[in-house]
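First the proteins, then the strands, lettered A, B, ... as listed; each starts at 1. Being a predicted model, the structure only gives us computed values, none of them experimental.
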There are 2 protein chains.
Amino acid sequence: MASEKTIGRLTLYRRILNETVLEGIESIHSHTLAAKAGASSAQVRRDLMEIGYVGHSRRGYDVMGLIESLREFLDAPGGQGVALVGVGNLGRAVLAYFAGRRPSLAIRAAFDVDSQKVGRVVHGCRCWPMDKIEDVIAEEQITTAVIAVPVASAQDAAERAIRGGVRGILNFAPVPLDLPEDIHVENIDMGMALEKVAYFSRADQTTDQTT
Amino acid sequence: MASEKTIGRLTLYRRILNETVLEGIESIHSHTLAAKAGASSAQVRRDLMEIGYVGHSRRGYDVMGLIESLREFLDAPGGQGVALVGVGNLGRAVLAYFAGRRPSLAIRAAFDVDSQKVGRVVHGCRCWPMDKIEDVIAEEQITTAVIAVPVASAQDAAERAIRGGVRGILNFAPVPLDLPEDIHVENIDMGMALEKVAYFSRADQTTDQTT
DNA sequence: CATTGTTTGTGAAAATTTTCACAGACAAAT
DNA sequence: ATTTGTCTGTGAAAATTTTCACAAACAATG
Ligand SMILES: NC(=O)c1ccc[n+]([C@@H]2O[C@H](COP(=O)([O-])OP(=O)(O)OC[C@H]3O[C@@H](n4cnc5c(N)ncnc54)[C@H](O)[C@@H]3O)[C@@H](O)[C@H]2O)c1
Ligand SMILES: NC(=O)c1ccc[n+]([C@@H]2O[C@H](COP(=O)([O-])OP(=O)(O)OC[C@H]3O[C@@H](n4cnc5c(N)ncnc54)[C@H](O)[C@@H]3O)[C@@H](O)[C@H]2O)c1
């Protein structure tokens with residue numbers, strides 16, 4: 001029911017609320033959360049409607065309660081495992097970034113063809129050879145894979161991860177993957193993103209002129 | 001006039017066409033390009049309408065001509081410079097990735113507070129101390145900045161880049177930046193992306209059931 | 001206890017984006 | 001020369017997403 005855009009914003013709200021709670025703030029208004037998230041207050045209220053969390057008129061939303069409600073909505077009950085395929089420049093940065101960050105959504109295994117990388121433990125994550133990928137993913141009940149291999153290997157890497165049991169893919173290789181419809185693919189294409197920013201950085205391309 | 005989404009797809013089409021031309025293919029139909037881009041043929045035609053490129057009925061689009069037309073539309077006439085702020089794990093991966101890739105949109109300078117990094121040349125890019133950022137960006141006429149510093153420094157880094165003359169920012173720090181409206185900000189939030197994929201990876205959350 | 005002012009939840013409107021569907025173009029075949 | 005089949009360009013419809021705007025709720029104030 002909730003759209004992809006809504007899910008993205010909900011995760012953002014959660015991150016903001018986690019900071020808010022550290023400041024000792026107990027309740028928050030839709031317009032405050034909106035300002036911190038760069039959205040409109042109506043948008044925030046709509047999004048929270050989606051998860052069925054109700055606030056109090058005049059007092060806003062209970063921060064702790066909302067965080068808990070977001071957790072129930074967004075997270076898998078028993079936690080979810082993630083696999084990383086490709087322990088190169090980007091893969092290592094990703095491992096460093098996610099290490100220890102969110103135990104219920106952690107990178108549990110890494111895979112690479114390079115025998116130099118296989119067997120090593122990078123940021124607490126074991127690196128396996130590619131021919132073990134299906135077995136390890138199945139054994140660890142991993143549902144999500146991050147693809148950080150060269151373009152030429154991305155399609156194959158994704159297919160093998162799926163054969164192991166993966167249902168969703170975060171793809172950094174700048175190539176559209178051709179996968180079954182029921183597999184959720186999220187592409188992060190840095191080249192595209194940089195070109196977009198560059199386009200709108202040009203003086204003649206004002207994103208939006210709300211005079 | 002062209003929306004942000006359209007610009008994103010146009011850069012994708014260009015990448016696909018660059019591969020197409022290497023295969024010696026001289027013209028391409030909207031549905032072929034669409035299949036490679038993961039879009040619909042109507043979408044492709046709409047997007048190309050935006051740049052005013054006209055195809056031939058029955059023959060499709062001339063690959064070389066379309067690439068040239070996309071170049072004129074997307075690229076700044078004299079090329080554009082990019083700055084990288086933060087030469088950490090992610091910053092170095094980004095430098096490696098963009099090095100030599102697209103001369104007309106290259107990372108021309110990097111900045112960091114760490115004296116260990118300052119002065120070094122990473123993947124052909126010189127690393128400057130942060131107190132030179134405004135001068136170097138102004139001197140090199142850099143229009144776009146990539147922010148890869150810790151969350152706590154991201155807002156400040158962006159503001160300083162803008163003071164140097166930057167008009168668009170590609171932000172990897174998972175925090176919404178509060179910047180003037182005329183600055184274009186593109187956020188790449190890997191944590192959000194991973195949580196989204198994980199959400200849709202769950203068996204009970206089928207993205208869309210088009211039976 | 002009534003009043004005031006603020007905030008939620010949500011129908012409805014507006015805006016944006018995508019898809020449909022078909023007239024017109026035209027290469028290829030006969 | 002005519003027919004055939006396919007592809008473009010685009011107006012219009014459909015779908016999706018966002019914003020508007022207001023009744024209902026209710027804490028705070030007097
Ligand atoms: N580095 C970046 O910042 C960056 C940015 C955007 C996109 N990307 C994309 O991410 C991917 C990885 O980039 P990178 O810079 O880390 O490259 P890299 O060359 O540093 O690393 C690639 C890794 O994948 C491994 N590998 C190669 N083939 C494999 C296979 N078939 N199966 C498993 N592992 C395999 C290699 O051994 C290496 O460790 C590429 O597709 C690249 O286009 C990278
Ligand atoms: N590593 C990843 O894959 C990854 C993924 C997603 C998001 N991020 C985000 O990207 C940013 C960088 O991540 P990282 O993993 O490269 O971190 P890192 O700690 O490896 O690198 C940060 C770099 O920024 C420099 N720095 C610190 N303060 C600075 C300042 N005020 N001005 C200039 N430079 C400064 C540091 O010296 C260091 O070189 C962070 O905001 C992180 O949340 C990283």
Side-chain angles (χ1 to χ4, degrees), chain A residues 1-13 17 20 25-63 65-66 69-70 73 176 181 192 196 200 206-211, chain B residues 1-13 17 20 25-63 65-66 69-70 73 176 181 192 196 200 206-211:
Chain A
M1 204 85 240
S3 77
E4 215 171 315
K5 290 190 162 189
T6 299
I7 299 297
R9 283 190 302 263
L10 289 172
T11 69
L12 178 57
Y13 301 155
L17 291 166
T20 307
I25 294 164
E26 292 187 354
S27 61
I28 190 167
H29 294 150
S30 60
H31 64 262
T32 310
L33 186 49
K36 289 185 194 243
S40 71
S41 62
Q43 181 90 85
V44 168
R45 294 199 299 277
R46 271 263 178 261
D47 290 338
L48 298 188
M49 248 180 90
E50 204 73 52
I51 66 170
Y53 190 76
V54 294
H56 310 272
S57 62
R58 263 201 70 109
R59 188 146 52 87
Y61 301 91
D62 179 55
V63 176
L66 184 46
S69 201
L70 284 165
F73 186 82
E181 281 204 25
M192 180 189 291
K196 258 172 78 176
F200 288 111
T206 37
T207 314
D208 178 32
Q209 208 54 276
T210 338
T211 321
Chain B
M1 206 83 240
S3 78
E4 216 171 313
K5 290 190 161 189
T6 299
I7 300 298
R9 283 190 302 263
L10 289 173
T11 69
L12 178 57
Y13 300 155
L17 292 167
T20 306
I25 293 164
E26 292 187 355
S27 61
I28 191 167
H29 294 150
S30 61
H31 64 263
T32 311
L33 186 49
K36 289 183 194 244
S40 70
S41 62
Q43 181 89 83
V44 168
R45 294 200 299 275
R46 270 263 179 264
D47 289 338
L48 298 188
M49 249 181 88
E50 203 73 52
I51 67 171
Y53 190 77
V54 295
H56 309 271
S57 63
R58 264 201 69 110
R59 187 146 51 89
Y61 301 91
D62 179 56
V63 176
L66 184 47
S69 201
L70 284 165
F73 186 82
E181 281 205 24
M192 179 190 289
K196 258 172 77 175
F200 289 111
T206 36
T207 314
D208 178 35
Q209 208 55 276
T210 336
T211 326

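Atom C1' of nucleotide C/dT8 and atom CG of A/Asp47 are separated by 15 Å, given to the nearest angstrom. One atom, CZ of B/Arg59, and another, C1' of D/dG5, lie 17 Å apart when rounded to the nearest Å. Computed from coordinates, the B/Lys5 NZ to D/dT18 C1' distance equals 12 Å when rounded to whole Å. Atom C1' of nucleotide D/dT17 and atom CZ of A/Arg9 are separated by 8 Å, given to the nearest angstrom. As rounded to whole Å, 13 Å separates atom C1' of D/dA15 from atom CE of A/Met1. The nearest whole Å value for the distance from the CD1 atom in A/Ile51 to the P atom in C/dT8 is 14 Å. Atom CD of B/Glu4 and atom P of C/dT17 are 9 Å apart (whole Å). As a whole-Å value, the separation of A/His29 NE2 from D/dA27 C1' is 10 Å.
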Distances under 3.5 Å between protein N/O atoms and the N/O atoms of nucleotides 9-13 of chain C, please, pair by pair.
from   : atom 1 : to      : atom 2 : distance (Å)
C/dG9  : OP1    : A/Gly55 : N      : 2.5
C/dG9  : OP2    : A/Tyr61 : OH     : 2.6
C/dG9  : N7     : A/Arg45 : NE     : 2.8
C/dG9  : O6     : A/Arg45 : NH2    : 3.1
C/dG11 : N7     : A/Arg46 : NH2    : 3.0
C/dG11 : O6     : A/Arg46 : NH2    : 2.9
C/dA12 : N6     : A/Arg46 : NH2    : 2.8

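Interatomic distance, A/Ile28 CD1 to A/Leu17 CG, rounded to the nearest 0.5 Å: 5.5 Å. For the atom pair CZ (B/Arg9) and CD (B/Gln43), the distance works out to 3.5 Å, reported to the nearest 0.5 Å.
Looking at A/Leu70 and A/Thr11, their side chains never come closer than 4.5 Å, going by heavy atoms from C-beta outward. For the pair A/Thr6 and A/Glu50, the minimum side-chain heavy-atom distance is below 4.5 Å. Using a 4.5 Å cut-off on side-chain heavy atoms (C-beta onward), A/Leu66 and A/Tyr13 make no contact.
At a threshold of 4.0 angstrom between heavy atoms, the contacts of A/Ser41 with the nucleic acid are absent. At a threshold of 4.0 angstrom between heavy atoms, the contacts of B/Ser30 are confined to the sugar-phosphate backbone, with no base atom among them.
Not one side-chain nitrogen or oxygen of B/Ser57 sits closer than 4.0 Å to the OP1 or OP2 atom of C/dG24. Taking only side-chain nitrogens and oxygens, B/Gln43 comes nearer than 4.0 Å to OP1 or OP2 of C/dT19.
Among D/dT6, C/dT6, C/dT18, the nucleotide with an atom closest to any side-chain atom of B/Arg58 is D/dT6.
Looking at A/Ile51, A/Val54, A/Asp62 one by one, the single match for side-chain contact (heavy atoms from CB on, under 4.5 Å) with A/Ser69 turns out to be A/Ile51.
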Quiz: residues 29-38 of chain A side-chain donor-acceptor pairs under 3.5 angstrom, not counting sequence neighbours:
from    : atom 1 : to      : atom 2 : distance (Å)
A/His29 : NE2    : A/Arg58 : O      : 3.3
A/Ser30 : OG     : A/Arg45 : NH1    : 3.2

